[in-house]
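Working notes for the structure below.
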Amino acid sequence: MNLRAKYNIPENAIITIAGTVGVGKSTMTKSLAKALGFHTSFENVDHNPYLDKFYADFERWSFHLQIYFLAERFKEQKRMFEQGGGFIQDRSIYEDTGIFAKMHSDKGTMTNVDYETYTSLFDAMVMTPYFPHPNVLIYLEGDLDDIINRIQQRGREMEQKTPISYWEEMHGRYEEWINTFTSCPVLRLNINEYDLLNDEQAVESIIERIAHTIHPKVSI
Ligand SMILES: Nc1ncnc2c1ncn2[C@@H]1O[C@H](COP(=O)(O)OP(=O)(O)O)[C@@H](O)[C@H]1O
Ligand SMILES: Nc1ncnc2c1ncn2[C@H]1C[C@H](O)[C@@H](COP(=O)(O)O)O1
């Protein structure tokens, strides 16, 4: 019996992975999709026309980048909806507005007018039939030092050049954000509790916890 059937994860489920940059979302996305036989929905970092420019000049490019990410994520939402679910999604659309756009607005690297334009567009797009809320949002958390080590180890140049204070600010905001997040059920995982790269059994125990989050009253 495959793990999806064993743990009664719905075939049409949408599981989204949230957490700060470098925490391990893509690694988790690949691993869960393989174990459950699900499709993946990744952020397109390599072909993003604004990301390098944004890291070099937040003020100039933050609005352009947010609009780009919003369009890309909305297209992915539509794709998942049209294919009938069965997806692991690398980062949720909620983080674009709740973390990134808000942080740049609060810090003054996105103007108030741009932020208002962005949030009204976001609200209009999210309130459509194309926007299925995920069955579960897996929130990955860990110590800032471990996460910064992972960012360094992964080696994207633009992120390595970014001051540590940026990642520190984001790390704090993520904690506040998840504590008030209510759009769908949440499973919190600390990155020290599992090791998907070196422990083959780890994915099954995560799937078991996903099942408990989706069906909280059923004993598995
Ligand atoms: N369990 C783990 N132990 C050690 N390193 C990990 C683990 N999971 C992910 N990594 C590494 O951390 C870095 C960031 O992971 P990634 O999945 O790309 O994060 P994200 O998608 O959240 O930005 C990558 O170099 C990845 O190989
Ligand atoms: N909405 C966003 N605004 C600014 N930057 C963003 C947004 N979404 C993703 N990013 C950046 C952060 C990272 O540099 C890359 C990819 O994120 P990752 O967490 O490594 O998957 O894009």
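Indexing begins at 1, ligand by ligand and atom by atom, following the structure's order. Just so it is clear, the model here is predicted, and its values are computed rather than measured. Only this structure's heavy atoms are used, side chains among them; waters, hydrogens and symmetry mates stay out.
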Pair [X] + [Y]: basic N to acidic O under 4.0 Å:
{"X": "Arg154", "Y": "Glu159", "value": "yes"}
{"X": "Lys102", "Y": "Glu176", "value": "no"}
{"X": "Lys75", "Y": "Glu72", "value": "yes"}

Evaluate [X] for polar contact with ligand 1, using N/O atom pairs at a separation under 3.5 Å.
{"X": "Tyr194", "answer": "no"}
{"X": "Arg156", "answer": "no"}
{"X": "Ser26", "answer": "yes"}

What is the closest protein heavy atom to [atom], and at what distance does it sit?
{"atom": "atom 13 (C) of ligand 2", "answer": "Glu159 OE2, 3.1 Å"}
{"atom": "atom 19 (O) of ligand 2", "answer": "Lys25 NZ, 2.7 Å"}
{"atom": "atom 7 (C) of ligand 2", "answer": "Phe69 CE1, 3.3 Å"}
{"atom": "atom 8 (N) of ligand 2", "answer": "Arg73 NH2, 3.2 Å"}
{"atom": "atom 17 (O) of ligand 1", "answer": "Thr27 OG1, 2.6 Å"}
{"atom": "atom 3 (N) of ligand 2", "answer": "Gln66 NE2, 2.6 Å"}
{"atom": "atom 10 (N) of ligand 1", "answer": "Leu197 CD1, 3.8 Å"}

Option with minimal heavy-atom separation from [atom], where the choices are [options]:
{"atom": "atom 20 (O) of ligand 2", "options": "His104, Arg91, Glu43, Arg156", "answer": "Arg156"}
{"atom": "atom 5 (N) of ligand 2", "options": "Trp61, Phe58, Tyr118, Phe100", "answer": "Phe100"}
{"atom": "atom 4 (C) of ligand 1", "options": "Glu43, Arg150, Lys30", "answer": "Arg150"}

Check: [Y] and [X] side chains under 4.5 Å, non-hydrogen atoms:
{"X": "Gln77", "Y": "Ile14", "result": "no"}
{"X": "Tyr118", "Y": "Leu70", "result": "yes"}
{"X": "Ile214", "Y": "Tyr7", "result": "no"}
{"X": "Trp177", "Y": "Met170", "result": "no"}
{"X": "Phe54", "Y": "His104", "result": "yes"}
{"X": "Ile178", "Y": "Tyr174", "result": "no"}

4.0 Å heavy-atom contact, Met158 with ligand 2: no
Close approach of Met103 to ligand 2, heavy atoms, under 4.0 angstrom: no
Sub-4.0 Å heavy-atom approach of Gly22 to ligand 1: yes
Where ligand 2 meets Asp96 - atom numbers and elements under 4.0 angstrom, heavy-atom basis: 1 (N), 2 (C), 8 (N)
Proximal ligand 1 atoms for Asp195, defined as those under 4.0 Å from one of its heavy atoms: 1 (N), 2 (C), 3 (N)
Could you see which bit of [X] sits under 4.0 Å from ligand 2, with heavy atoms only: side chain, backbone, both or neither?
{"X": "Glu72", "answer": "neither"}
{"X": "Glu95", "answer": "neither"}
{"X": "Ile99", "answer": "neither"}

Aromatic ring proximity, centroids under 6.0 angstrom, Phe69 and Phe100: no
Short side-chain donor-acceptor distance under 3.5 Å, Gln89 and Ser41: no
Distance-only side-chain donor-acceptor flag, Glu95 / Ser92, under 3.5 Å: yes
Atom CD of Glu11: over 12 foreign heavy atoms under 6.0 Å: no
